[in-house]
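Take a look at the structure below.
As a basis for the values below, the full set of heavy atoms in this structure was taken, side chains included, without hydrogen atoms, waters or symmetry mates. Protein chains get the first letters and strands the later ones, always in sequence-line order, with residue 1 at the start of each.
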2 protein chains.
Amino acid sequence: MPMKIGQFSRESELSPHTIRYYEKIGLLQKADKDDSGHRIYDEADLDLINWVTCLKKSGMPLQKIKRYVEAYRHNNNSEVTEILGLHLVKLKAQQVDIEHYIDVTKKKLSQLKKSN
Amino acid sequence: MPMKIGQFSRESELSPHTIRYYEKIGLLQKADKDDSGHRIYDEADLDLINWVTCLKKSGMPLQKIKRYVEAYRHNNNSEVTEILGLHLVKLKAQQVDIEHYIDVTKKKLSQLKKSN
DNA sequence: TAACAACTTAGAGCATACTCTAAGTCAAGC
DNA sequence: GCTTGACTTAGAGTATGCTCTAAGTTGTTA
């Protein structure tokens, strides 16, 4: 179950560089180290990093994810809920925007077809 | 109808800095200058920059927008169509992703409510 | 004519998010 | 014992997209 950064990297699909970077900026807590000073991670770390990746892919900046992770670590449920609630609102707005951009792009494309 | 960078900036909602930057990286053609060396723009420039802004807001990187603008300038309809077609595919993929992220976020939120 | 705003340029600086480099340590296999 | 691969650190470099600074010119208005 416990793994070093190499396996953790493969399972999370983030490079070791990126994982250390996330630790450096405080997004991830300082990982425990084994006797040779190598970072060790477990399933809980993997669940967290995967959720972090999901938040990141959905457009949340690392600074905000950092605040989320901190609130999560401190069991501050109300802040976690607030951050996710706001995130949901933004995602819905993005959804509306994208629909609009799809429409506009389609129109532009059909105008182009006509002018041929 | 012709205007200097200040008014062009207000009408396009881009700063003069940004407009000059776009010109510098070749996204916009070198603007014509009046007798005092000030850039002059017209309605066609405004239409183009507004479409550029639309592409940018919908996630197209400046380098790709640059290629779009060049193809557009050279009346290369097939390339314009190709770029927009690909963009449409990406937007649709984004739409699917966002729907997924909305679902996941909603689930996370309802899990949090239960654990209260 | 003097102040003031708007414009010009080249180039530096900034924010975000990595990504890589250098120099070194450590454990396992031949 | 030595190579190999995975790991460590601090810090430099990269890409994108601005954003600002400095030093100067030009046009309008009181």
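Between the side chains of B:Asn76 and B:Ser78, a donor-acceptor pair is found at a separation under 3.5 Å.
For the OP1/OP2 pair of C:dC7 and a distance below 4.0 Å, the side-chain nitrogens and oxygens of B:Arg39 include no atom meeting the criterion. Between B:Lys66 and D:dT16 there is no side-chain polar atom (N or O) within less than 4.0 angstrom of OP1 or OP2. For the OP1/OP2 pair of C:dA17 and a distance below 4.0 Å, the side-chain nitrogens and oxygens of A:Tyr22 include no atom meeting the criterion.
Applying the side-chain hydrogen bond (donor to acceptor under 3.5 Å, both in side chains) test to residues at least two apart or on different chains, the pairs with a partner in residues 14-23 of chain A are A:Ser15-A:Thr18, A:Glu23-A:Arg39.
Rounded to an integer number of Å, the gap from B:Arg20 CZ to C:dC7 P is 8 Å. Atom CG of B:Asp34 and atom C1' of C:dT8 are 11 Å apart (whole Å). A straight line from CD of B:Gln63 to P of D:dG17 spans 8 Å, rounded to a whole angstrom. In this structure, B:Glu23 places its CD atom 18 Å from P of D:dT19, rounding to the nearest Å. For the pair A:Ile25 CD1 and D:dT9 C1', the computed distance is 18 Å after rounding to whole Å. Separating the CD1 atom of A:Ile40 from the P atom of D:dT8 is a distance of 11 Å, rounded to the nearest angstrom.
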Atom pairs under 3.5 Å, N or O on each side, protein against nucleotides 28-30 of chain C: can you list them with distances?
none

Tabulated below should be each protein N or O lying under 3.5 Å from an N or O of nucleotides 19-26 of chain C; please produce it.
| from | atom 1 | to | atom 2 | distance (Å) |
| --- | --- | --- | --- | --- |
| C:dC20 | N4 | A:His17 | ND1 | 3.4 |

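Residue contacts for A:Pro61: at a heavy-atom cut-off of 4.0 Å it reaches the sugar-phosphate backbone alone, with no base atom in range. Using a 4.0 Å heavy-atom cutoff across all strands shown, B:Phe8 reaches no nucleic acid atom at all.
Take the nearest nucleotide of DNA chain D for B:Met60 and for A:Arg10: the residue whose nucleotide is more 5' is A:Arg10.
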* Show your reasoning for whether side chain to side chain contact (heavy atoms under 4.5 Å, CB included) applies to A:Ile65 and A:Lys56. => CA-CA 8 Å; A:Ile65 298 178; A:Lys56 209 209 62 183; 3.8 Å; yes

* Kindly determine whether A:Tyr72 and A:Leu48 satisfy side chain to side chain contact (heavy atoms under 4.5 Å, CB included), including the steps that lead there. => CA-CA 10 Å; A:Tyr72 174 80; A:Leu48 181 59; 4.1 Å; yes

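The backbone N or O of B:Glu70 lies less than 3.5 Å from a partner atom in the side chain of B:His74, making a donor-acceptor pair.
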